[in-house]
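The block underneath contains the structure these notes are about, expressed in structure tokens.
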Amino acid sequence: MSLIAALSLALAPAPTTLAEVRARPAEDEIVYFLLPDRFENGDPGNDRGGLQGDRLKTGYDPTHKGFYHGGDLKGLIARLDYIQGMGATAIWVGPIFKNKPVQGGKGEESAGYHGYWITDFTTVDPHLGSDADFKALVEAAHARGIKVYMDIIVNHTADVIAYRECTDRPCTYRSRADYPYQRRGGPGGVAINPGFTGDQVMTADNFARLTDMTFAYTPFIPKGEEAVKVPAWLNDPRYYHNRGNTTFTNESSTMGDFVGLDDLMTENPRVIEGMIDIFGGWIDRFGIDGFRIDTAKHVNPEFWQAFVPAMEARAKAKGIPNFHMFGEVSSDALDAAVTAEHTRVDKLPTNIDFPFRNTVVATVAGTRGTDAFEGLFDSDALYEGGFATARRSPTFVGNHDNGRLAFYVRQAFPNARDDEVLKRVVLGHAMMLTLRGVPTVYSGDEQGFVGDGIDQAARQTLFPSKVASYLDDKLVGTDSTHSVANFNADHPIYRTIATLAKLRAAEPALRRGGQKLRTRGPKPGLLAVSRILNGREVLLAFNTSTAPVEANVEVEAGSLAFATLAGSCAAKASAPGSVRVTLPPLSYAVCGAVAAK
Ligand SMILES: [Ca+2]
Ligand SMILES: [Ca+2]
Ligand SMILES: [Ca+2]
């Protein structure tokens, strides 16, 4: 049987109804993640968000990487063919809520183009379009069988609240020990908040006694911004921690302001109830399919223990049985030591798989041996739910915060030829599309975008850019530049993703199968993993080294013959339980066991 015939036999029929789309479990999806401001501009009329004046008023400056560039929801709708052509079955849309257009100290201003500085949690930011545009997006995506995941934030709002004590200098974190709730300005200060027993007693009665917020700083809302937040309860400083900027350590990790962003008192039942109302409302109104949860590890576990089941119940009531929630728990580790805790204690259903990304970067954009994957996969056991949770966790190789894989490849191998850089980036994507987890492509990676680093440096537009530090980028796998639109369905990385996405759709073992680690080593070289579902084995082999590899790889004793699904595979096992694998430098193969003739 030819490969094409084999694939078409195995392919499930395309979903035709919304119920069929929603019946798909999370691990069946391939996610495409984009920031709408940076994807496609479908309406130049909204580029300034209906605001007047210069960039400090409107937030719009397409020549500056830290301001709005004009992309919007209409543009996203117009490019659904492009997204679907890559094989993506779900879109993670960067935050669309109404933001504070511009914030930051004098000379350091930037805009809320990324969406993470929310003032109104109930409506779409006018730079990105309207609630009607979002409804049209969800409907158009669903009609194609594509799910829509929103990017939500409960940890903080925009930076509106200021403190009298530090209007002209950084507000350093003031701890509960140094600034207890029942004294103003330190242990020797006047008595306030009598009877408030601290933020760990999370009852309405207790928080009713927290009425004076001047324990650490004197918070105030600058003139003109008193009612800027929606819903209105968000304008009350009582619902914020007000202890100054987080250092990302100790108690400040959950209690501190994220670079000035007003950190919500997520221990307070009123805040929990308010957030359940807000985001439950988006489920009710738009029937979206999941949430990516920003800054999840900076919120106390008790909040998630209440919020997650409430959202699941809301989604079920709306007829969405596989509502997918994945938290951003950033980690530098190559295993799940940090991220797993938040599935066990917080009860977050899944987290974005930072350890997977870190392991790919260390091996494909580095010199770590392939045994790094052993530590990664062994630690799947740490998640609540174990391997099944890892299988539903979104994997990625690049993103808008941590930078693109191509950047790290170039940094690690500055003398590598262009074809080697491309092979490494393709190899990382091949790992993501075939190993356990939900592949999550970061917009622009499929066009060979590189960038100069992290954050703003990794947020190039797919439409023509006017940012000097983007225009001088040398892209991978193409002669194109950022001066033109890059929606090229023939780009080699786009084609790789599309090809492997088809394979993933055709092979349930690649989506739902277990994993057996077959071969790994202390140096760059062969990584071999079998994915097995109901006795069907698909062998994955990756060569992370610049030399060819040839090795005997263990397989199931019954896997006697193989079809080449990608790369090149031996047609037959050498003996029951062993197959010869031969791989050129920096390449991969996918071999599906078939009945021996
Ligand atoms: Ca626009
Ligand atoms: Ca603030
Ligand atoms: Ca927090």
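Note that ligands are numbered from 1 as they come in the structure, with each ligand's atoms numbered from 1 the same way.
Surrounding NZ of Lys466 are at most 12 heavy atoms belonging to other residues, nucleotides or ligands under 6.0 Å away.
Between His64 and Phe67, the ring-plane angle classifies as perpendicular under the 30° and 60° cut-offs.
Put simply, Gly260 gets within reach of the Ca ion (ligand 2), with an N, O or S atom under 3.0 Å from it. Within the coordination shell of the Ca ion (ligand 2), defined by N, O or S atoms under 3.0 Å, Ile161 is present. The Ca ion (ligand 1) has an N, O or S atom of Gly70 inside 3.0 Å of it.
Restricting Asp72 to its N, O or S atoms, the one at the least distance from the Ca ion (ligand 1) is OD2. Taking the Ca ion (ligand 1) as reference, the nearest N/O/S atom within Asp47 carries the name OD1. Looking only at its N/O/S atoms, Asp159 has OD1 as the one nearest to the Ca ion (ligand 2). Among the heteroatoms counted here (N, O or S) of Asp43, O is the one nearest to the Ca ion (ligand 1). Looking at Asp262 and the Ca ion (ligand 2) together, the shortest N, O or S contact belongs to OD1.
Inspection of the environment of the Ca ion (ligand 3) yields the following protein N, O or S atoms under 3.0 Å: Asn155 OD1, Thr254 O, Asp263 OD1, Asp263 OD2, His298 O.
His400 has its ring centre less than 6.0 Å from the ring centre of Phe33. Checked against the 6.0 Å centroid criterion, the rings of Phe487 and Phe39 qualify as a close aromatic pair.
In this structure, Arg344 forms no cation-pi arrangement with Tyr383, as its terminal cationic atom is not both closer than 6.0 Å to the ring centre and no more than 45° off the ring axis.
Exactly one of Leu264, Thr119, Asp120, Val271 qualifies for a side chain to side chain contact (heavy atoms under 4.5 Å, CB included) with Leu234. That residue is Leu264.
Between the side chains of Asn99 and Tyr113, not a single donor N or O lies within less than 3.5 Å of an accepting N or O.
A side-chain donor-acceptor contact under 3.5 Å links Thr343 to the backbone of Glu384.
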**OP:** Please assess Tyr149 against Tyr32 for the test ring pair (Phe, Tyr, Trp, His ring centres under 6.0 Å), listing each intermediate value before the final yes or no.
**Re:** CA-CA 10 Å; Tyr149 300 150; Tyr32 187 69; over 10 Å; no
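Using a 4.5 Å heavy-atom cutoff, the side chains of Ile352 and Phe396 are in contact.
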